[in-house]
2 protein chains.
Amino acid sequence: MSLKHGLLGLLSYGSMTGYELNKTFEDSLDYFWQAKSSQIYRELDAMEACGWLTSHIQLQTDRPNRRVYCITEAGRGELKSWLEGPFTPGSVRDPFMMRVFFGGECPPQRTRELLRAFAQDHEKNLGTQDETLDMINAYARKVEDPEKAVYWNMTAEFHRRYARMCMQWAQDMEKMLKNEEDENA
Amino acid sequence: MSLKHGLLGLLSYGSMTGYELNKTFEDSLDYFWQAKSSQIYRELDAMEACGWLTSHIQLQTDRPNRRVYCITEAGRGELKSWLEGPFTPGSVRDPFMMRVFFGGECPPQRTRELLRAFAQDHEKNLGTQDETLDMINAYARKVEDPEKAVYWNMTAEFHRRYARMCMQWAQDMEKMLKNEEDENA
DNA sequence: TGGGTCATGTAACCTGTTACATGATTAG
DNA sequence: CTAATCATGTAACAGGTTACATGACCCA
């Protein structure tokens, strides 16, 4: 149910359209939860049926009409009870690791290439760190309570450390594979 | 399609029943890909229909009959082309991070509790590291090519570093929140 | 005698992905 | 002129979760 709660969380900052929710999601939650707009619209429907949201159409002449979603008291209650619920452990789910696991089934060079691509991908992620911080500051100016940014920064810091760890691991594993190959040669 | 390829990979080590695949999965791939037995059986059906596997029933008297799955040449081909395909970046997907992100919506103490639970969970994961290595060695003795264990250890090393990083991050974030609270008091 | 392991699944449901459809405005 | 942005979705499919059903054997 995390997508629903993510949307509730964003709507707790202010009313938005599905389109805006999608964009805000991409700018923030996307780092640890991905959602397509098609699914967002479907979930919004379901949430409105639950009574967590209400929506009204805003007529526009120059642009398409907007359907603006607004969180209800029931929605805020649901968000709160989800936030205050017990900790449940998460897990990594990454097909890349599966490919490494079965590395013995293809030439070692191929795995080394894969590791390099993985390291580069995370290096790129590290490179966008400044933009992320700018984004957080920009959003912090928009909401009434700038203290929220503390928590946003915590997740950004996690993302940074994750990328660092991945890079380091991939580099170390590549070196190790290279040494193995050289010894066998 | 990762589950299918994970099963193909395990079957490339030797023929197995759905039950055995499920257990082997739990012992190995589960660290970065989770699967329920009900889904495994469904995927096996689909894979047999594709021609990647064949199966035959082994009659038993004292225990339930076993349906043993065996990878075909087409299955090996599919595994190989998946392994040699282009790198595709993965992503983190963890509802816990979403709860941290929305930490501003509940008392800071609650987030600190959550962080502590997260740290403890990963500390526990680190504690099972020795068992994991024993498991890898046990499996390495079973398969014909002990070189495969190199790759299994690489994924285990990733898991170890991930757990370390998570623990450290959670501890640092908790301290930071505590300092903030003390300053405001 | 009660719980764990062996062994196979089905059915219903929920969640996520891909592809498609429409159409105006605006900035480069 | 063309690509991006604004704005809303539907339909079909793929993948994952939860609950249920059955039944024997073995160990404490």
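All of these numbers come straight from a predicted model, not from anything done at the bench. Order of the sequence lines sets the chain letters (A, B, ...), proteins ahead of strands, with each chain counted from 1. Below, each value reflects all heavy atoms present in this structure, side chains not excepted, and no hydrogens, waters or symmetry copies.
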Could you tell me whether the side chains of B/H5 and B/E78 share a donor-acceptor contact shorter than 3.5 Å?
-> yes

Between A/Y19 and D/dT8, is there a side-chain N or O to OP1/OP2 distance below 4.0 Å?
-> no

Would you please indicate if the ring centroids of A/H122 and A/Y162 are separated by under 6.0 Å?
-> yes

Begin from the C-alpha positions of B/K4 and B/W52 and carry the test side chain to side chain contact (heavy atoms under 4.5 Å, CB included) through to its verdict.
-> CA-CA 10 Å; B/K4 286 189 178 71; B/W52 296 352; 3.9 Å; yes

Taking only N/O atoms, report every protein-nucleotides 14-18 of chain D pair under 3.5 Å with atom names and distance.
| from | atom 1 | to | atom 2 | distance (Å) |
| --- | --- | --- | --- | --- |
| D/dG15 | OP1 | B/M1 | N | 3.4 |
| D/dG15 | OP2 | B/K4 | NZ | 3.4 |
| D/dG16 | OP1 | A/R93 | NH1 | 3.1 |
| D/dG16 | OP2 | B/Q39 | NE2 | 2.7 |
| D/dG16 | N7 | B/R42 | NH2 | 2.5 |
| D/dG16 | O6 | B/R42 | NH1 | 3.0 |
| D/dT18 | O4 | B/S38 | OG | 2.8 |

Are any of A/R67's side-chain N or O atoms less than 4.0 Å away from OP1 or OP2 of D/dT8?
-> no

Whole angstrom value for the distance that separates C1' of D/dA7 from CD1 of A/I40 | 13 Å

Check the distance between D/dT8's P and A/R66's CZ and give it to me in whole angstrom.
-> 7 Å

Find the distance A/N22:CG to D/dT8:P and express it as a whole number of Å.
-> 10 Å

Starting from the C-alpha separation in whole Å, work towards a yes-or-no answer on side chain to side chain contact (heavy atoms under 4.5 Å, CB included) for B/M154 and A/L115.
-> CA-CA 11 Å; B/M154 283 167 59; A/L115 288 167; 3.7 Å; yes

Does a side-chain N-to-carboxylate-O contact under 4.0 Å join B/E113 and B/R110?
-> yes

Is A/Q60 near enough to D/dA7 that one of its side-chain N or O atoms lies under 4.0 angstrom from OP1 or OP2?
-> yes

If you draw a 6.0 Å radius around CD in A/E73, do more than 12 non-hydrogen atoms from other residues or ligands fall strictly inside?
-> no

How many Å lie between CG on B/L44 and C1' on C/dG9, as a whole number?
-> 11 Å

